[in-house]
Amino acid sequence: MNVGNEGFEEMILDHYRNPRNYGRIEHPTSAITEYNPVCGDALHFTVNIRNSRIEDIKFIGRGCSVSMAAASILTERVKGMEIHEVEQIREEVFLKSLGIYLGPVREKCALLSLNALKKIAGGKRDES
Amino acid sequence: MNVGNEGFEEMILDHYRNPRNYGRIEHPTSAITEYNPVCGDALHFTVNIRNSRIEDIKFIGRGCSVSMAAASILTERVKGMEIHEVEQIREEVFLKSLGIYLGPVREKCALLSLNALKKIAGGKRDES
Amino acid sequence: MFDSEEVKKDFPLLSRRDVVYLDNAATTQKPKQVIEAVIDYYENHYSNVHRGIYTLSEEATDMYEKARENIARFVGLRDASSLVFVRNTTEALNLLSYSLGTRLESGDEILLTEMEHHSNIVPWQFLQSKGVRIRYAKLTESGLLDVDDLVSKINRRTKILSVSHVSNVLGSINPVKELCSYARDNGIVSIVDGAQAVPHMPVNVDEIGCDFYAFSGHKMLGPSGIGGLAGKPEALDELIPFMGGGEMIRTVTYESSTYADVPLKFEAGTPNVEGAVGLSAAVNYLRRLGMQNVKKHEMDLMQHILNLEDEMSIRNLRSYGPRDVTHRGGVYAFNIGNQPSFSVDDLSEDSTLARGAIHPHDIAAELNKRGIAVRSGHHCAMPLMGLLGLAATARASFYIYNGKSDVDLFMSALLEISRGL
Amino acid sequence: MFDSEEVKKDFPLLSRRDVVYLDNAATTQKPKQVIEAVIDYYENHYSNVHRGIYTLSEEATDMYEKARENIARFVGLRDASSLVFVRNTTEALNLLSYSLGTRLESGDEILLTEMEHHSNIVPWQFLQSKGVRIRYAKLTESGLLDVDDLVSKINRRTKILSVSHVSNVLGSINPVKELCSYARDNGIVSIVDGAQAVPHMPVNVDEIGCDFYAFSGHKMLGPSGIGGLAGKPEALDELIPFMGGGEMIRTVTYESSTYADVPLKFEAGTPNVEGAVGLSAAVNYLRRLGMQNVKKHEMDLMQHILNLEDEMSIRNLRSYGPRDVTHRGGVYAFNIGNQPSFSVDDLSEDSTLARGAIHPHDIAAELNKRGIAVRSGHHCAMPLMGLLGLAATARASFYIYNGKSDVDLFMSALLEISRGL
Ligand SMILES: Cc1ncc(COP(=O)(O)O)c(C=O)c1O
Ligand SMILES: Cc1ncc(COP(=O)(O)O)c(C=O)c1O
């Protein structure tokens with residue numbers, strides 16, 4: 001990552017080294033794999049959605065510090081959310097909440113997880 | 001034409017206004033039409049070649065001052081030449097002999113007639 | 001309204017060289033703002049775009065995409081990703097011919113007009129070998145598009161309509177919005193060649209409603225080697241890629257590839273970033289003048305030249321294109337005396353130029369002696385020339401840095417030449 | 001021999017920005033001589049080429065054609081008309097794929113190598129839909145081309161051989177002269193992708209004996225948006241045109257067209273004249289340094305980095321490509337720790353990076369913090385990455401303005417990073 005706020009940078013590194021919600025849910029209601037071919041990063045999410053609410057979420061994956069940390073942070077945030085709320089998370093807002101300037105390429109890394117979750121949310125919406 | 005020597009410019013204008021060897025030979029041994037699609041200029045040469053020598057040559061055509069004058073000047077020069085001599089006339093030398101700077105586009109106008117005669121000469125060569 | 005004398009001061013070449021530059025339909029001069037934008041990119045931010053994690057590359061990517069946004073906005077696109085960077089109008093039209101061509105079958109028809117530039121003819125002729133038929137909508141006596149004729153040539157085999165927005169010879173402005181709505185109603189893909197429009201008038205691609213719109217940067221104060229293919233998002237989406245290579249892929253294996261989204265899908269290889277950055281600066285320059293003003297300025301010049309034509313009655317001068325300047329861009333094609341048509345067959349003893357006629361090359365050369373730059377030739381519209389019964393014309397074309405005094409100089413030089421040679 | 005510190009002074013960006021620029025395989029910085037050539041063209045000679053009778057256009061035409069001659073001579077062409085100006089290597093290879101592709105039939109084979117850039121893979125894959133088969137010559141353990149394997153894959157269905165001269169990932173230099181002679185003996189059209197060769201070593205296309213040779217200006221100090229397709233005169237002659245439009249025609253009627261001679265046949269539309277002029281200045285710059293010296297300089301840097309690698313034994317550092325620098329250009333692809341291969345299928349609970357491994361993005365970002373610009377990713381060679389069992393690498397690549405001190409800075413930064421994250 002680039003020029004940034006020390007505290008936020010610490011947060012990213014912490015999530016990278018100790019990702020939260022890391023693993024798989026056994027019988028998820030939804031699952032998705034999202035990848036970034038530019039760097040080969042891949043994230044796999046398993047989610048339990050009940051009554052349009054995210055009850056549980058886990059991920060596994062491989063990637064750079066930014067994509068892994070963003071996935072970890074995002075799982076913490078969305079747990080318990082309504083899926084329509086997930087759909088409404090704006091990219092700029094999520095990026096801003098990470099607190100460091102990423103630049104155009106690494107923004108894609110950071111948004112990998114958000115894109116995945118939006119696809120899950122959109123898919124659920126379509127079905128209902 | 002562009003920046004040039006007044007005398008040469010006079011020569012060009014004279015040949016343009018009063019082209020020499022203008023017309024057609026009745027039963028020529030060779031004939032060729034050469035044209036420049038960029039400006040629509042077209043020149044038609046009729047030639048009598050005997051014993052590899054240009055005995056007579058005439059042209060008709062339409063074109064700008066440079067292409068018409070160059071054709072007129074060239075017919076005067078090649079009359080009586082051996083065809084291998086025509087083949088050997090170098091473009092640069094012919095252009096230089098016109099005495100004025102033409103620029104890349106109008107050089108093509110000036111070379112239209114030389115190209116035509118070289119094709120005739122080359123053709124005759126091939127046949128012999 | 002802007003003052004063309006003030007504008008001229010922004011163009012280094014026009015103050016350094018003693019020239020009245022009237023070849024703007026071919027290409028335009030560059031203001032210092034554009035030159036400086038290119039230099040700034042070279043000296044402060046140069047790098048490759050899209051895949052670099054380092055600061056310079058991020059800056060370059062940012063500049064490239066901001067340029068895309070800015071230029072997209074300038075031509076009325078809601079969405080910057082609907083603008084594909086290409087080399088020029090010619091490449092845009094070839095891209096379309098290749099990509100759309102794969103959908104066409106023998107017997108399908110492509111509808112063009114009789115006034116098209118070679119760039120909007122030759123790529124379509126490539127498809128004739130597979131049995132595709134090209135038809136041409138006629139022009140009216142005054143040199144405008146005959147819309148009725150165009151409509152009458154639409155049938156159920158018509159798959160593509162491709163028309164110039166403004167003719168580069170006659171200056172005629174075509175009612176592209178209306179034409180595209182006909183096309184839409186008939187399920188026909190509509191394409192507008194805007195090479196002579198975007199530089200000279202307000203253009204709103206979304207409003208025109210065409211599927212695709214092509215233009216060139218170098219004709220609108222920008223660098224060479226950069227241009228735009230704008231399109232409806234869904235139309236671009238459906239288009240198969242044209243060139244393959246870096247940037248335009250999602251994944252590649254030895255066996256097969258998948259492609260990136262629009263616009264990158266159509267931007268294979270290292271792009272012309274300085275071109276995009278320079279064109280963006282050009283767009284800023286034009287926006288500041290106001291495109292409505294640019295249009296008005298050229299209309300005034302055109303009216304002025306047509307008035308002078310009437311007043312001066314230069315011997316044997318004839319010009320082409322509509323006389324109503326509200327339907328005409330700032331293009332003035334003309335001849336002195338009769339010019340024969342281009343044909344290899346009809347040469348005769350008296351096929352030299354008619355008395356009093358002056359070949360367009362000689363007109364251009366004589367004007368050049370007087371410091372006035374105009375073009376002569378077929379203007380990449382040979383078929384139209386044939387239709388007019390001409391091999392060539394001379395052509396003066398105007399832009400923002402030309403004023404009435406330029407037109408006056410030009411016309412009095414013509415008067416002199418018409419008496420001379 | 002030249003001094004890279006002196007060279008660096010000619011590059012405005014490198015003195016203005018505090019950066020060790022090591023992404024030269026992607027694109028190179030521009031010396032002031034190139035920038036000035038472009039400015040001079042804009043400010044003193046700008047115009048359209050080829051068809052103008054006025055002085056400016058004659059100057060522009062002259063500059064464009066002189067640039068062609070100069071660049072043609074630089075790559076060893078006897079005849080300037082054997083050099084076609086294209087946008088970049090990618091366009092050159094697509095042109096060839098489209099034009100040669102029309103001659104191919106189902107079952108015909110195209111022979112590439114496993115180390116090709118996407119630009120030399122994807123355009124050929126476009127032909128798979130008509131039943132053309134692509135085969136890939138293998139690499140040796142050390143990352144060089146396995147010539148025996150390539151030769152064994154030549155058969156009577158092989159119609160095209162297209163190989164990179166130098167790999168943009170491994171740096172491997174291929175024996176293209178030898179390969180092209182195999183091709184000639186077997187009646188195969190030979191193509192060399194010289195994007196990474198022309199900037200870095202003496203290249204003589206006539207001597208190599210290939211039918212076609214492609215390169216990009218922006219990788220050799222020149223502007224973006226300009227590159228070259230060089231070819232044997234008869235090979236270019238036989239090629240059907242790629243794009244249609246202005247400049248490339250001889251005659252156009254509404255019914256059909258005939259085409260201009262090579263090289264104009266392949267240069268449809270308004271060309272990037274400032275690009276050509278800038279590239280010509282770049283060629284002058286390189287010629288003054290001497291391409292043999294440029295090659296030697298990069299070999300020395302490469303040897304230095306390989307020596308440091310051995311000496312410093314940075315934890316988990318691994319690099320790719322031949323160790324013998326006489327067969328290697330100045331490209332250094334590397335990783336810290338094991339990188340998984342790109343695959344969507346094989347994710348598992350412990351598929352995070354192995355202990356001590358650092359993702360190439362993080363390496364590049366950390367280097368960037370220290371003012372060092374390197375690339376990370378697949379380098380437009382995804383299939384090769386797959387072959388190496390990697391999703392991505394970091395890559396440092398060198399040029400004339402990089403010195404040993406740059407390499408030292410880079411390696412000590414790597415050491416620091418390998419201890420850190
Ligand atoms: C070996 C090789 N071939 C082709 C290319 C494509 O070059 P360009 O993007 O200039 O078309 C590159 C550079 O990216 C390259 O390294
Ligand atoms: C109407 C029209 N279409 C297409 C073109 C081709 O533009 P370019 O040469 O920039 O591709 C031109 C200009 O020459 C033009 O005037």
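All figures in this text were calculated on a predicted structure; none of them were measured in a lab. Values reported hereafter were calculated over all heavy atoms of this structure, with side chains retained and with hydrogens, waters and symmetry mates removed. In the text below, chain A, chain B and the rest are named by the order of the sequence lines, each starting its count at 1.
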Side chain, backbone, both or neither of [X] within contact of chain C (heavy atoms, under 4.5 Å):
{"X": "Val273(D)", "answer": "backbone"}
{"X": "Pro223(D)", "answer": "both"}
{"X": "Val374(D)", "answer": "backbone"}
{"X": "His117(D)", "answer": "side chain"}
{"X": "Phe126(D)", "answer": "side chain"}
{"X": "Thr28(D)", "answer": "backbone"}
{"X": "Tyr42(D)", "answer": "both"}
{"X": "Ser257(D)", "answer": "both"}
{"X": "Asn48(D)", "answer": "both"}
{"X": "Met385(D)", "answer": "neither"}
{"X": "Ile249(D)", "answer": "side chain"}

When rounded to the nearest 0.5 Å, the distance separating CD of Gln125(C) from NE2 of His118(C) is 9.0 Å
Select all residues of residues 91-99 of chain D having any heavy atom within less than 4.5 Å of some heavy atom of chain C, and report them by number, or 'none'.
Glu91(D), Asn94(D), Tyr98(D)
In terms of heavy-atom pairs under 4.5 Å, which option from [options] contacts chain D the most?
{"options": "Glu255(C), Glu247(C), His378(C), Lys219(C)", "result": "Glu255(C)"}
{"options": "Ser376(C), Gly225(C), Ala373(C)", "result": "Ala373(C)"}
{"options": "Ile134(C), Val19(C), Ile39(C)", "result": "Ile39(C)"}
{"options": "Thr253(C), Leu367(C), Asn44(C), Ile372(C)", "result": "Asn44(C)"}
{"options": "Ser256(C), Gly377(C), Gly52(C)", "result": "Ser256(C)"}
{"options": "Pro383(C), Pro12(C), Gly245(C)", "result": "Pro383(C)"}

Under 3.5 Å, is there a donor-acceptor pair linking the side chains of [X] and [Y]?
{"X": "Thr89(D)", "Y": "Ser119(D)", "value": "no"}
{"X": "Ser224(C)", "Y": "Asn272(D)", "value": "no"}
{"X": "Glu116(C)", "Y": "Thr113(C)", "value": "yes"}
{"X": "Glu267(D)", "Y": "Tyr64(D)", "value": "yes"}

Checking [X] against chain D: side chain, backbone, both or neither under 4.5 Å from a heavy atom?
{"X": "Thr270(C)", "result": "both"}
{"X": "Asn88(C)", "result": "side chain"}
{"X": "Ile121(C)", "result": "side chain"}

Contacts of Lys130(D) that satisfy side-chain hydrogen bond (donor to acceptor under 3.5 Å, both in side chains) - sequence neighbours left out:
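Expected list: none.
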Using 30° and 60° as the class boundaries, would you call the ring planes of [X] and [Y] parallel, tilted or perpendicular?
{"X": "Tyr254(D)", "Y": "Tyr136(C)", "result": "tilted"}
{"X": "His361(D)", "Y": "His359(D)", "result": "perpendicular"}
{"X": "Phe242(D)", "Y": "Phe242(C)", "result": "parallel"}

Under the criterion side chain to side chain contact (heavy atoms under 4.5 Å, CB included), I'd like the reasoning laid out for Leu384(C) against Leu387(C): C-alpha separation, chi angles, the key distance, then a yes or no.
CA-CA 5 Å; Leu384(C) 174 60; Leu387(C) 191 73; 4.1 Å; yes
Find the one option among [options] whose heavy-atom pairs under 4.5 Å with chain C are most numerous.
{"options": "Ser15(D), Gly371(D), Gly244(D), Gly275(D)", "result": "Gly244(D)"}
{"options": "Leu13(D), Thr90(D), Val122(D)", "result": "Leu13(D)"}
{"options": "Ile240(D), Ile226(D), Leu56(D), Leu112(D)", "result": "Leu56(D)"}

Under 4.5 Å between any side-chain heavy atoms of Phe215(D) and Asp193(D), yes or no?
no
Step by step, work out the salt bridge (Lys or Arg N to Asp or Glu O under 4.0 Å) result for Arg135(D) and Glu114(D).
CA-CA 9 Å; Arg135(D) 304 186 68 184; Glu114(D) 287 180 341; over 6 Å; no
Partner residues of Lys32(D) under the salt bridge (charged side-chain N to carboxylate O under 4.0 Å, His left out) criterion, sequence neighbours left out:
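In terms of salt bridge (charged side-chain N to carboxylate O under 4.0 Å, His left out), with neighbours along the sequence ignored, Lys32(D) is linked to Asp10(D).
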Give a yes or no on whether the backbone of His218(D) and the side-chain of Lys30(D) come within a donor-acceptor separation of less than 3.5 Å.
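Present.
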Pairs satisfying salt bridge (Lys or Arg N to Asp or Glu O under 4.0 Å), at least one member in residues 34-45 of chain C, at least two apart:
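Every salt bridge (Lys or Arg N to Asp or Glu O under 4.0 Å) pair that includes a residue of residues 34-45 of chain C, provided the two are not neighbours, is Glu43(C)-Arg16(D).
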Nearest heavy atoms of Ala413(C) and Arg370(C), plus distance in Å:
CB-CD, 3.7 Å
Between Ser47(C) and Tyr21(D), is a side-chain hydrogen bond (donor to acceptor under 3.5 Å, both in side chains) present by the stated rule, with each step listed?
CA-CA 9 Å; Ser47(C) 161; Tyr21(D) 184 77; 4.8 Å; no
